[in-house]
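To keep things clear, I will list the structure first and then write my remarks on it.
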Number of protein chains: 2
Amino acid sequence: MPDHTSPADTEITLPRLLGALSDPTRLGIVRVLSDGAERGWGQLCAPVAKSTLSHHLKMLREAGVTRTRQEGTRCYVTLRREVLDARFPGLLPALLSAAVADHVGEHVTEREAM
Amino acid sequence: MPDHTSPADTEITLPRLLGALSDPTRLGIVRVLSDGAERGWGQLCAPVAKSTLSHHLKMLREAGVTRTRQEGTRCYVTLRREVLDARFPGLLPALLSAAVADHVGEHVTEREAM
DNA sequence: TCTAATGTTCTATGTGCAACGAACATCGAA
DNA sequence: TTCGATGTTCGTTGCACATAGAACATTAGA
């Protein structure tokens, strides 16, 4: 039973957040999640080994960027938009716009759920 | 003759920028420089060894965050606000607000010039 | 109950970075 | 020219991370 706890809202620190988002693959994951909808682990399609993807999702979760929900053997990930917007107003939209404009994270795509 | 070249505007990448700003001391330096005015190297007062401060300024410079001008043996640093604002609209203001609200980088202060 | 699917964790490797002190290079001033 | 100030670079240390493969745990299904 893995510990999928996300930090409390006030425990999200700016340096940690920025560190989590300084990786292109993680920025790509955030881009996929940016519409607010939940995605299954398996829907996240990145050109890395699954152990590496698991690592990235852990980084994002522990930095407070995402929330992970477990259901059976499957995991579902969402962006913690409300929390991030409340704590760092304007930051996430600016980051997403910048990532899109700069083609950062485009190697992470979404696979259709089956 | 150290190479104080900053990257061309288009060579500034988002991941590198975020990596540069994921360190509290470097965020503090950016905060001090945030009014746009130039500061002398010696005016930047951070609780680290001078070799470490030099390292941080190099990171910021190579990520495209700052520009360093040399005059004799002295160096002067400025924030590249125009370039950053043009390339990543809204990002820098959001980051600065977040840093201020979160008390990140307050250990970096400004010493009076003599 | 056996099997396949789903993620996590473990182990290992290479890389990069924050930190320091010491040595160095450069330039201005005496 | 000698000295002091100013930063940079070098050598080192310790730690964190990106990456992969292999082993593992858990659960759904057959």
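Naming: A, B, ... by sequence-line order, numbering from 1 per chain.
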Any A:H4 side-chain N or O less than 4.0 Å from OP1/OP2 of C:dT8: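 Yes.
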Does B:W41 place a side-chain N or O at less than 4.0 Å from the phosphate oxygens OP1/OP2 of D:dA5?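 No.
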Between protein and nucleotides 21-24 of chain D, what N or O pairs are separated by less than 3.5 Å?
from   : atom 1 : to    : atom 2 : distance (Å)
D:dG21 : N7     : A:S51 : OG     : 3.2
D:dG21 : O6     : A:S51 : OG     : 3.1

I want to check something: taking the side chain as every heavy atom from C-beta on, are [X] and [Y] in contact at a cut-off of under 4.5 Å?
X: B:I29; Y: B:L60; answer: yes
X: B:D102; Y: A:R87; answer: yes
X: B:V65; Y: B:L33; answer: no
X: A:T78; Y: A:R69; answer: no
X: A:L91; Y: A:L84; answer: no
X: A:R80; Y: A:D9; answer: yes

Which pair of heavy atoms, one from A:L18 and one from B:L27, lies closest together, and at what distance?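 The pair with the smallest heavy-atom distance is CD1-CD1, 4.4 Å.
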Can you give me the closest heavy-atom contact between A:G105 and A:R31, atom names plus distance?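 Closest heavy-atom pair between A:G105 and A:R31: C-NH1, 4.4 Å.
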Heavy atoms under 4.0 Å, any strand shown: does A:H56 hit a base, just sugar-phosphate, or nothing?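 Counting heavy atoms under 4.0 Å across all strands, the contact made by A:H56 is with sugar-phosphate only.
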Given atom [atom1] of [X] and atom [atom2] of [N], what is their separation to the nearest angstrom?
X: B:E71; N: C:dG28; atom1: CD; atom2: P; value: 9 Å
X: A:Q43; N: C:dG7; atom1: CD; atom2: C1'; value: 15 Å
X: A:D3; N: D:dA25; atom1: CG; atom2: C1'; value: 16 Å
X: B:Q70; N: C:dT26; atom1: CD; atom2: C1'; value: 8 Å
X: A:L53; N: D:dT19; atom1: CG; atom2: C1'; value: 12 Å
X: A:H107; N: D:dA18; atom1: NE2; atom2: P; value: 12 Å
X: A:R69; N: C:dT8; atom1: CZ; atom2: P; value: 14 Å
X: A:E62; N: C:dT8; atom1: CD; atom2: C1'; value: 12 Å

Closest to the A:R74 side chain, choosing from D:dA20, C:dA5, D:dG7: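 Nearest to the side chain of A:R74 among the choices is C:dA5.
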For residues A:M59 and A:I12: do they belong to one hydrophobic cluster (side chain heavy atoms under 4.5 Å, members Ile, Leu, Val, Met, Phe, Trp, Tyr)?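 No; tracing contacts between hydrophobic side chains, which count when under 4.5 Å, never links both residues.
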Go nucleotide by nucleotide along DNA chain D from the 5' end; which of B:H55 and B:T73 gets its closest nucleotide reached first?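 Its nucleotide being nearer the 5' end, the pick is B:T73.
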Residues from residues 11-26 of chain A lying under 4.0 Å of DNA chain D - heavy atoms: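 Close to the strand are A:D23, A:R26.
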